[in-house]
Amino acid sequence: MKTSTFHLMTTRETPADAEIASHQLMLRSGMIRKLTAGIYTWTPLGWRVLKKVERIVREEMDRAGYLELLMPAVQPAELWKETGRWDDFGDQLLKINDRAGREYVFGPTHEEVITDLARTELRSYKQLPVTFYQIQTKFRDEIRPRFGVMRAREFLMKDAYSFHIDESCLDKTYREMYDVYSRIFTRAGLEFRAVRADSGAIGGSQSHEFHVLADSGEDQIAFSTGSDFAANVELAEAVAPAAGRPEPAEEMKQMDTPDATTIDDLVRQFDQEIEKTVKTLVVEASDEIDAAFIALLVRGDHVLNEFKAVKLPQVASPLRFAEEEEIREVMGAGPGSLGPVNCPVPCIVDRTVAKMADFSAGANIDGKHYFGINWGRDAEPGEVADLRNVVEGDASPDGQGEIQLARGVEVGHIFQLGTKYSESMNAVVLGEDGRSHTMPMGCYGIGVSRIMAAAIEQNHDEHGICWPEPLAPFQLALLPMNAKKSHRVREAAESLYRDLLEAGVEVLLDDRNIRPGVMFNDMELIGIPHRVVIGERGLDEGELEYRARTASENQRIPLEGAVEAILAKLG
RNA sequence: CGGGGCGUGGCGCAGUCUGGUAGCGCACUGCAAUGGGGUUGCAGGGGUCGGAGGUUCGAAUCCUCUCGCCCCGACCA
């Protein structure tokens, strides 16, 4: 390809509404153009990259024996009413009407369509297991599309669905898919973690999210330095400190703390270590216990995990924090002066709190705190539970290594659906036993367009994108210096260009009549991994200059046998 | 959905408070010089100011309505 005939449209200025690196660079390099909120055109340059991602996904899916098909983007409402998702899916579901007023949805996902196909096509256990997949445009009417194609409304997704005779058959495909996904992201050159996700309401189901590690990620994940443990922060278990509770060293004393209503105040005004403070949160209790409210205690620097709290049988669902008046009524003091000593409502303490000694907390008297509190002697811990978010440095729940936190971009999700859809849509096959079996299903998604954004988040510098080789729009940029004036350069470039094409290299020859600096900047912006410069100077020496996108130094390669030398660089 | 902000050539912005008939940078076109990291000079083309209505002799500017876009927000003892 030559730049003179390839529509290359880079801009120097960053569009005002692009917040994160990938969005800015995709716009500046001219890979996408926004049509309207959350909806983008893929330009020839961007489309080349997207196709690379697509190809990796497709090759690995095919290799695993999964079957590609293509389902309609527009689907009849009846199917969605059948599973109840016409109402349940929420406002993200784009509903449309045809000329006769019939209702349709633009598919945000395809469980209904594939299950409809399966119930008519699949009759016997002998046809199972089977996995279908497609790579297709989806539409989800996001509340707040942002970050370009990272959270777009229209996006390209690979979705796969598997059908099984029983759970163990599903489990086998699920595990296999886990490996396929790992291969896909590895091949794409991405640093990622497979994260155990919430199994949700569907009992016994398994679910993993695949996250590309990037600071701009919308999800925070916790992973171990010593094992492959990884989980969403909301779900990661916070284990108790290994060490036992220290013996009391201080007497408990009541202190006047009129101006301390937050942990921060307490730490600052009384020179307390934050690790020696406890905060008390009052939430509504469930019917399980004989009290209207219940107190949850976490260490001053820890954060209550609401997912964990609401799972406790004593806590009302949904979680509701007590209002200030309610707190005064039951506790006898306002928020900011609460603690476990003489606590009038039941307490549940976090595992870490249970192992604390000589700590401070509110006295349940306005303007007063107790310092030097010890469990057993001054207050009863009551029930101990995991109440908090994990923090860096916590022991990994599997006992191997420490917890580290990172932000991630969710690029894949695999899920054991069970019979949720097959049951409501009556997708059954005859088993070996001659009876009908409702097919357990799995579903597996990959955000194809999102991978592209995630890859840029992970691979860029101040000059632009540094594509992982397998995703780059071109492998090599061929840059002739001052070709307009120098026919030697022009001819050498043309001839090398033809030879490289012949050798199967995806090469972009910059034959625009522009300054070298512009060429360099453009090629770096769009992130071509390798570049070769041809100039009068080099030709005099019988040499070309080579440089990798991420390198800072040029290398010389002899003109003689240049194609072979370049091929060796491309790896 | 709630709060805030913004819509002026393709992009980034100024002009709006204090109405007088639209400007800058980048990009684009032509010519010339330059020719190894976004070079320079000269000459050009392109917008009626998101839309509708109103006030006024006169509206990008004031008023009303409307559409679109962007940002923030669901850990508080």
Side-chain angles (χ1 to χ4, degrees), chain A residues 8-20 23-24 27-28 30 33-39 90-91 143-148 153 220 233-234 257 260-266 277-283 293 295-298 300-310 318-328 331 333-339 361-364 366-367 369 387-389 391 462-464 479-486 489 510 512-525 531-540 544-545 547 552 554:
Chain A
L8 195 64
M9 188 44 75
T10 57
T11 59
R12 206 185 306 198
E13 283 172 282
T14 306
D17 53 11
E19 294 274 304
I20 59 171
H23 189 194
Q24 292 175 352
L27 288 168
R28 282 192 54 209
R33 288 284 182 243
K34 184 168 87 170
L35 183 63
T36 184
I39 299 180
D91 294 334
I143 305 169
R144 213 182 132 195
R146 59 182 134 177
F147 304 147
R153 295 198 293 173
Q220 193 161 41
V233 161
E234 292 77 35
T257 54
T261 57
T262 67
I263 293 291
D264 271 357
D265 295 340
L266 203 61
T277 63
V278 165
K279 61 184 172 188
T280 304
L281 298 92
V282 180
V283 300
F293 294 99
L296 306 177
L297 276 65
V298 296
D301 56 329
H302 287 158
V303 171
L304 179 74
N305 181 307
E306 299 189 9
F307 293 86
K308 292 175 180 175
V310 82
L319 188 74
R320 187 177 73 82
F321 285 94
E323 302 291 332
E324 177 155 357
E325 309 85 71
E326 292 171 329
I327 291 175
R328 288 193 179 282
M331 304 293 289
S337 302
L338 306 180
N364 298 321
D366 275 330
H369 280 75
L387 289 179
R388 66 175 176 91
N389 283 342
V391 294
E462 66 272 27
H463 303 295
L479 308 184
M481 295 294 103
N482 197 16
K484 190 177 185 192
K485 286 275 177 65
S486 167
V489 167
D510 201 340
R512 296 173 295 178
N513 179 27
I514 52 172
R515 319 268 311 180
V518 182
M519 281 185 188
F520 294 142
N521 283 315
D522 270 354
M523 296 303 134
E524 282 161 10
L525 177 60
R531 88 170 183 215
V532 166
V533 173
I534 302 177
E536 288 273 358
R537 282 194 324 228
L539 290 180
D540 289 341
L544 301 169
E545 286 166 32
R547 183 143 147 191
S552 52
N554 288 336

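The chains referred to below are lettered A, B, ... by the order of the sequence lines, with proteins before strands, and numbering in each begins at 1.
At the heavy-atom level, A/Asp522 lies under 4.0 Å from base atoms of the strands shown. As judged by a 4.0 angstrom heavy-atom cut-off over every strand, A/Arg146 is placed among residues touching the sugar-phosphate backbone only. Counting non-hydrogen atoms under 4.0 angstrom, A/Pro335 reaches a base of the nucleic acid. Note on A/Leu479: nothing from the nucleic acid sits closer than 4.0 angstrom, heavy atoms only. Within 4.0 Å (heavy atoms only), A/Gly535 reaches at least one base atom of the nucleic acid. Nucleic acid contact class of A/Ala18 (heavy atoms, under 4.0 Å, all strands): none.
Base pairing analysis places B/rG19 opposite nothing; no Watson-Crick or G-U wobble pair with both distances below 3.5 Å involves it. Across all strands shown, nothing is found opposite B/rA14 as a Watson-Crick or G-U wobble partner with both distances under 3.5 Å. Nucleotide B/rC69: paired with B/rG5 (Watson-Crick or G-U wobble, both distances less than 3.5 Å). With a cut-off of 3.5 Å on both Watson-Crick or G-U wobble distances, the partner of B/rG37 is given as none. When both pairing distances are held under 3.5 Å, B/rU61 makes no Watson-Crick or G-U pair with any nucleotide shown. The partner of B/rU29 is B/rA43, by the rule that a Watson-Crick or G-U pair needs both atom distances under 3.5 Å.
A search for side chain to side chain donor-acceptor pair (under 3.5 Å) contacts involving A/Arg388 returns A/His302, A/Asp350, A/Thr352, A/Asp394, not counting sequence neighbours. A/Asn389 pairs by the side-chain contact (heavy atoms from CB on, under 4.5 Å) definition with A/Val233, A/Val303, A/Asn305, not counting sequence neighbours. Partners of A/Glu536 according to the side-chain contact (heavy atoms from CB on, under 4.5 Å) rule, which considers only residues two or more places apart in sequence or in another chain, are A/Ser486, A/Arg488, A/Val489. Residues that satisfy the side chain to side chain donor-acceptor pair (under 3.5 Å) test with A/Thr36, not counting sequence neighbours, are absent from this structure.
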Footprint string (nucleotides 4-16 of chain B, 5' to 3'): B base within contact, S backbone only, - free, heavy atoms under 4.0 Å: -------BSS---

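A/Ile534 places a side-chain heavy atom less than 4.5 Å from the side chain of A/Leu539. Between A/Arg33 and A/Met9 there is a side-chain heavy-atom pair separated by less than 4.5 Å.
Between the CZ atom of A/Arg547 and the P atom of B/rG36 there is a distance of 16 Å, rounded to whole Å.
Between the side chain of A/Glu524 and the base of B/rG37 there is at least one donor-acceptor pair of N/O atoms closer than 3.5 Å.
Not a single donor-acceptor pair under 3.5 Å links the side chain of A/Asp91 to the backbone N or O of A/Ile143.
The side chain of A/Glu306 sits closest to B/rC76 out of B/rG37, B/rG38, B/rC76.
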Which protein N or O atoms sit under 3.5 Å from an N or O of nucleotides 32-34 of chain B?
from	atom 1	to	atom 2	distance (Å)
B/rU34	O2	A/Arg515	NH1	2.3

